[in-house]
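Taking it in order: structure first as structure tokens, then the write-up.
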Amino acid sequence: MKIFWSFSRQAFYNMVMYRFDFWVRRIVLLFVMYGVYCLWNILYTQNAKELEVNLNQIITYGILGVALQASLITAMGPQRYIASQIRMGSIDTDLVKPIDFHLHMLARNFGETAFRFITATIPTLIIGFIFLGFELPCDLFNGFAFAFSIALGYLIQFSLNFILGILAIVSVDIKNISWAYISLVSFFSGDMIPLWLFPTALRSIAEIMPFKCIFYIPISIYIGNFSRIMVIKEVLFQLIWCIVLLLLGRIFWICAYSRIKIQGG
Amino acid sequence: MICVEHLTKEYKRFVHKNGAFSSFRNLFNREFEIVKAVDDISFDINNGEMVGFIGPNGAGKSTSIKMLTGILTPTYGKVVIDSINPHKERKLNAKQIGVVFGQKTQLWWDLPVIESLRLLRDIYKVSDIRFKNNMLLFNDMLELYKFQDTPVRQLSLGQRMRADLAAALLHDPKVLFLDEPTIGLDVITKERLRQFIKEINANNNVTVLLTTHDMSDIEKLCSRMIIINYGRIVYDGSVEQIRMQYGKSRILCIEFEDNVPNIKIPYCTLLKSEGKKLWIEFDKNEISSSKIITQMTENYQITDLTIQEPEIEEIVRSIFQDINTNPNGGM
């Protein structure tokens, strides 16, 4: 498991390399957080009842959504690396290394995500806590359930991205699919708008899709909007999707790999 | 160390249709032809041997290397590398081989060289002592320290190739595959790389299989060469042997004191004459050079004489051409 740590170190070096990008992203993040804070404040004063939760909860939801989105970035998943390796014809160099490709992609993505989590998500949350009324989880159970739930959310997002990356092996170009996919995820994952504010028809679709596992479930657990029974039910829902998607990613990879092995990369 | 038996790789290639609505019809095209990239090749390479694998572009060299490294599955035939089957046990095989693709890098584009190497250390589970010792060696032989903190994308091609070679040897592989390692490099860098490969081969007894288009790579490094064309082996033997077998012809260049006289010598063909110089070609088994020279010096005033042995490149070219005109002939 040392390679997970090695890839995290690598992400740190990338930051040193792209220092300007690093700081711009962190500063923009603060502006976005402030924007979301203002937006929910206004919406709350206009129509508190419709939001179904109190002001502190909805602001915590908004801030946590912004902060988590800064580390769990859909567009920066393994599909980007896979697509560029395929385009440059360098996938061979990954296949001559004594490491499982699926695991390699997870380690690489985990390293980058962990780095962003420490340098973007946590500082943003601290600033949100001091200045904007971001709240801590209401009790220990919710805190732990959130940690477990966001870990599952991460694995689900990774798996979806990995499957998209496998499509890049088959179809070489995924730019257009990528764009549609990113929009789909950001809409249905509930990082900006909680699912309970969706119109009924849309909500019933969003409820069964895996995307809500990424942000909506963990954040709702964090702000204490689920009863304990609900928490267990929703985490179970995540767990099932997580296993299904990891397996699906595995199967897709095995198919793509045997295609590479037979047809050439 | 490397044992290859009846190795064959076939590709399906879809037949591209022309004519009306061709682009639309090609979408649903299921018609294909089978192309044999590698056709029934067999060879054995002993531990510590350095073998040159040569052939024109598209001859099947890279496909063969990919099968030996476990990236591609053979259609038929068998590959065994130190009792491991590469495509069945890819990861196990990957630990004992090192690979350099001259046209691609296995280093991470944005990372400084040293970070890529550290990452590889963790992937290959190289111990700290071995890592340290190997880094000393690389610094000494490849001058890695000069650019180890530079990101890979900013390296010159020569530096990148040196870094790639270091990356391939970090885990002390038993077998090293080099796919066109000297492509695009300047003379000095080429020489340094060759020296390094030679050293590694001699000191660590690493088996080396390298493909190249540069015949001086072969002459300087390899005792044995395998020539492949249209997916088949057309020559497998030592470099001296190919000289003896195919390099019987000699070229004699004579410089006369006066203008070139009109002469005819038995068993010789006149190649060209230019000013006072004359080039003639002869087969050394048919007539000895001393015989020609005595004949010439007896009859004419000669200022200079040189005999040229054919270059290995010339020999290989003639072998390629032979097969191109007669692809099914073999040798």
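Sequence lines set the chain letters: A, B, ... in the order given, protein chains first and strands last, and positions in each chain run from 1. FYI, side chains are in, hydrogens and waters are out, and symmetry mates aren't considered; it's all heavy atoms of this structure.
Both the backbone and the side chain of A:Phe7 come within contact range of chain B, with heavy atoms under 4.5 Å apart. Looking at B:Thr63, neither its backbone nor its side chain comes within 4.5 Å of chain A, counting heavy atoms on both sides. Looking at A:Phe4, neither its backbone nor its side chain comes within 4.5 Å of chain B, counting heavy atoms on both sides. Looking at B:Trp108, the atoms closer than 4.5 Å to chain A (heavy atoms on both sides) all sit in the side chain, from C-beta outward. Of the atoms belonging to B:Arg121, it is side-chain heavy atoms, and not backbone ones, that fall under 4.5 Å from chain A.
B:Tyr124 places none of its side-chain heavy atoms less than 4.5 Å from the side chain of A:Ile99. By the 4.5 Å heavy-atom criterion applied to side chains, A:Ile3 and B:Ile123 are counted as neighbours.
With rounding to the nearest 0.5 Å, the separation of CZ in A:Arg9 from CD in B:Glu115 is 5.0 Å. Expressed to the nearest 0.5 Å, how far CG of A:Leu95 lies from CD1 of B:Ile71 amounts to 5.5 Å. In this structure, A:Asp94 CG and B:Gln106 CD are separated by 9.5 Å, a value rounded to the nearest 0.5 Å. For the atom pair CG of B:Leu111 and CD of A:Gln10, the computed distance is 4.0 Å after rounding to the nearest 0.5 Å. In this structure, CG in A:Asp92 is found 5.0 Å from CZ in B:Phe101, a value given to the nearest 0.5 Å.
Contact tally against chain B (heavy-atom pairs below 4.5 Å) for A:Gln85, A:Lys97, A:Met88, A:His104: the top residue is A:Lys97. Chain A forms the most heavy-atom pairs under 4.5 Å with one residue out of B:Met67, B:Lys95, B:Lys104, and that residue is B:Lys104.
At most 12 heavy atoms of other shown residues, nucleotides or ligands fall within 6.0 angstrom of atom CZ in A:Phe144. The number of heavy atoms from other shown groups lying within 6.0 Å of CZ (A:Arg26) is above 12. Remark: A:Phe148 CZ is loosely packed, at most 12 non-hydrogen atoms of other residues, nucleotides or ligands lying under 6.0 Å away.
Residues of residues 148-183 of chain B that come closer than 4.5 Å to chain A, counting heavy atoms only, are B:Pro151, B:Arg153, ordered by residue number. For residues 76-92 of chain B, a heavy-atom distance under 4.5 Å to chain A picks out B:His87, B:Arg90, B:Lys91, given by residue number.
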